[in-house]
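Because the structure is a prediction, the values reported are computed rather than measured.
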Amino acid sequence: MMSRKGVLAVISGFSGAGKGTIVKELIKRYPEYALSVSMTTRDPRVGEEHGREYFFVSDEEFEELIKNDGLMEHAGYCKHYYGTPRKFVEDKLAQGQDVILEIEMQGALQVKEKYPQALLLFVTPPSAEELEKRLRGRGTETEEVIRQRLARSYEETQYIDKYDFLLINDDLDTCVELTHGIIEAAHDNVCRNAEFVNSIKTQLEVYK
Ligand code: 5GP
């Protein structure tokens, strides 16, 4: 069997679009996906745990990691740093596992530049009104932060066309299955199809 690499699937979306919920549900239904745990300099929210939602670090620790090329990508988002530790992702991909990154847009575009084969998916709610409602409904952010995040969403609309797929999240179940289907198709494209081509080539060799 030929060696195969996993698919690097990057999921972004407006803050409040529900991408966190989609990703959580995806991992629950399909535990074979490897989920990258990011690093951030923001404070943990109630219920968040170091090493589970994020690795919560200081500015100094984060900057040290950038210097040592320990991050695959990083970005500033609403006054804090966020970044993807490189080693975990590269190890899992090399083992043939599909890896999910749930990251914001600047980071996603950095990933696409460095790994053009990465699959970029963007999640949006069906309307701006719904976005604002979901953001407020979380009850975790101050009014100022909500405004910053909505303004950021507006800026992000300019770059959505750089993504490979758009997911309109009006139904969680549909969105989760669609996401899984897209990643599976990409996986087949890079892995199983290559194996199949090799195999049928060998079978057809007798006719050449
Ligand atoms: P939150 O503070 O709500 O957890 O995350 C804020 C934003 O940062 C979200 O859009 C989230 O997807 C993004 N984010 C989380 N981890 C990373 C990361 O490692 N890199 C980048 N570029 N963005 C991230």
Side-chain angles (χ1 to χ4, degrees), residues 6-40 42 45 48 52-54 72-78 80 82-84 89 98-113 115-141 145-187 189:
V7 171
L8 179 56
V10 180
I11 304 186
S12 310
F14 301 131
S15 177
K19 60 187 183 298
T21 315
I22 294 172
V23 169
K24 253 190 221 130
E25 192 55 34
L26 190 67
I27 302 292
K28 203 165 99 192
R29 292 185 197 181
Y30 306 100
E32 64 272 21
Y33 287 126
L35 177 64
S36 158
V37 177
S38 295
M39 231 163 234
T40 184
R42 81 152 164 74
R45 295 186 186 125
E48 286 184 335
R52 191 181 63 192
E53 277 78 14
Y54 284 104
M72 242 174 114
E73 60 73 37
H74 68 277
Y77 182 90
C78 296
H80 293 290
Y82 293 80
T84 305
V89 177
D98 298 335
V99 181
I100 313 249
L101 306 186
E102 188 214 316
I103 64 177
E104 58 69 65
M105 188 172 261
Q106 291 173 60
L109 299 181
Q110 284 174 44
V111 170
K112 189 76 177 177
E113 220 162 82
Y115 304 79
Q117 71 283 15
L119 187 66
L120 263 55
L121 298 99
F122 193 87
V123 183
T124 171
S127 68
E129 193 186 0
E130 181 63 24
L131 181 66
E132 189 171 349
K133 202 171 101 193
R134 289 187 195 173
L135 213 44
R136 288 187 196 288
R138 288 214 293 225
T140 49
E141 260 80 39
V145 171
I146 290 172
R147 297 232 137 252
Q148 278 173 13
R149 289 185 172 218
L150 286 168
R152 175 69 174 239
S153 298
Y154 170 72
E155 286 166 21
E156 289 181 347
T157 55
Q158 294 178 63
Y159 302 100
I160 294 177
D161 63 353
K162 303 216 178 281
Y163 281 72
D164 299 306
F165 292 92
L166 180 68
L167 300 163
I168 300 173
N169 182 16
D170 43 16
D171 178 70
L172 177 66
D173 188 57
T174 311
C175 238
V176 170
E177 291 311 317
L178 194 58
T179 305
H180 175 62
I182 292 168
I183 301 173
E184 275 250 299
H187 188 101
N189 200 29

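- Here the closest non-hydrogen pair linking A118 and V10 is CB-CG2, 4.5 Å.
- In this structure, the side chains of I160 and T124 stay at 4.5 Å or more apart for every pair of heavy atoms.
- Taking NE2 from H74 and CD from Q110, the interatomic distance works out to 6.5 Å, rounded to the nearest 0.5 Å.
- Scored by the side-chain hydrogen bond (donor to acceptor under 3.5 Å, both in side chains) test, H180 finds Y33 as partners (sequence neighbours excluded).
- In this structure, the salt bridge (Lys or Arg N to Asp or Glu O under 4.0 Å) partners of R147, at least two apart in sequence or on a different chain, are E143.
- Remark: E102 engages K19, V23 in a side-chain contact (heavy atoms from CB on, under 4.5 Å) (not counting sequence neighbours).
- Atom CG of L109 is surrounded by more than 12 heavy atoms from other residues, nucleotides or ligands within 6.0 Å.
- Atom CG in N169 sits 4.0 Å away from atom CD1 in I22 (nearest 0.5 Å).
- Taking all atoms of both residues into account, the shortest heavy-atom contact from A186 to L119 is CB-CD2, 3.8 Å.
- Partners of R152 according to the salt bridge (Lys or Arg N to Asp or Glu O under 4.0 Å) rule, which considers only residues two or more places apart in sequence or in another chain, are E104, E156.
- The shortest distance between side-chain heavy atoms of V111 and T84 does not fall below 4.5 Å.
- The shortest distance between side-chain heavy atoms of K112 and D164 falls below 4.5 Å.
- Within 6.0 Å of CD on E32 lie more than 12 heavy atoms contributed by other residues, nucleotides or ligands.
- Between the side chain of E73 and the main chain of A108, no donor-acceptor pair closer than 3.5 Å is present.
- Screening residues 155-175 for ring pair (Phe, Tyr, Trp, His ring centres under 6.0 Å) gives F122-Y163 as the qualifying pairs, with residues at least two apart or on separate chains.
- For the ring-ring contact (aromatic ring centres under 6.0 Å, His included) test, residues two or more places apart in sequence or in another chain that qualify with Y54 are F56, Y82.
- Distance CD/E184 to CD1/I182: 11.5 Å, rounded to 0.5 Å.
- Contact of the R149 side chain with the Y77 side chain is registered, since non-hydrogen atoms from C-beta on lie closer than 4.5 Å.
- Scanning both residues, E141 and V145, for their nearest heavy atoms gives CG-CG1, 3.1 Å.
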Listed pairs under 3.5 Å, donor-acceptor, residues 170-177 side chains, sequence neighbours left out:
residue: D171; atom: OD2; partner: T174; partner atom: N; Å: 3.0
residue: D171; atom: OD2; partner: T174; partner atom: OG1; Å: 2.5
residue: D173; atom: OD1; partner: R29; partner atom: NH1; Å: 2.8
residue: D173; atom: OD1; partner: R29; partner atom: NH2; Å: 2.7
residue: E177; atom: OE1; partner: Y30; partner atom: OH; Å: 2.7
residue: E177; atom: OE2; partner: R29; partner atom: NH1; Å: 2.6
residue: E177; atom: OE2; partner: Y30; partner atom: OH; Å: 3.2

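- Applying the salt bridge (Lys or Arg N to Asp or Glu O under 4.0 Å) rule to R134 yields the partners E130; only residues at least two apart in sequence or on another chain are considered.
- Separating the CG atom in L121 from the CG atom in L178 is a distance of 8.5 Å, to the nearest 0.5 Å.
- Partners of E132 by side-chain hydrogen bond (donor to acceptor under 3.5 Å, both in side chains), not counting sequence neighbours, listed by chain and number: R136.
- Interatomic distance, I146 CD1 to C78 SG, rounded to the nearest 0.5 Å: 11.5 Å.
- Every residue two or more places apart in sequence or in another chain that forms a side-chain contact (heavy atoms from CB on, under 4.5 Å) with A34 is listed here: F88, K92, Q97, V99.
- Listed by chain and number, the residues in a side-chain contact (heavy atoms from CB on, under 4.5 Å) with S153 are F14, L131 (sequence neighbours excluded).
- Between the side chain of D98 and the backbone N or O of G6, no donor-acceptor pair lies under 3.5 Å.
- Side-chain contact between S15 and L135 is present, with heavy atoms from C-beta onward closer than 4.5 Å.
- With sequence neighbours excluded, no residue forms a side-chain hydrogen bond (donor to acceptor under 3.5 Å, both in side chains) with T179.
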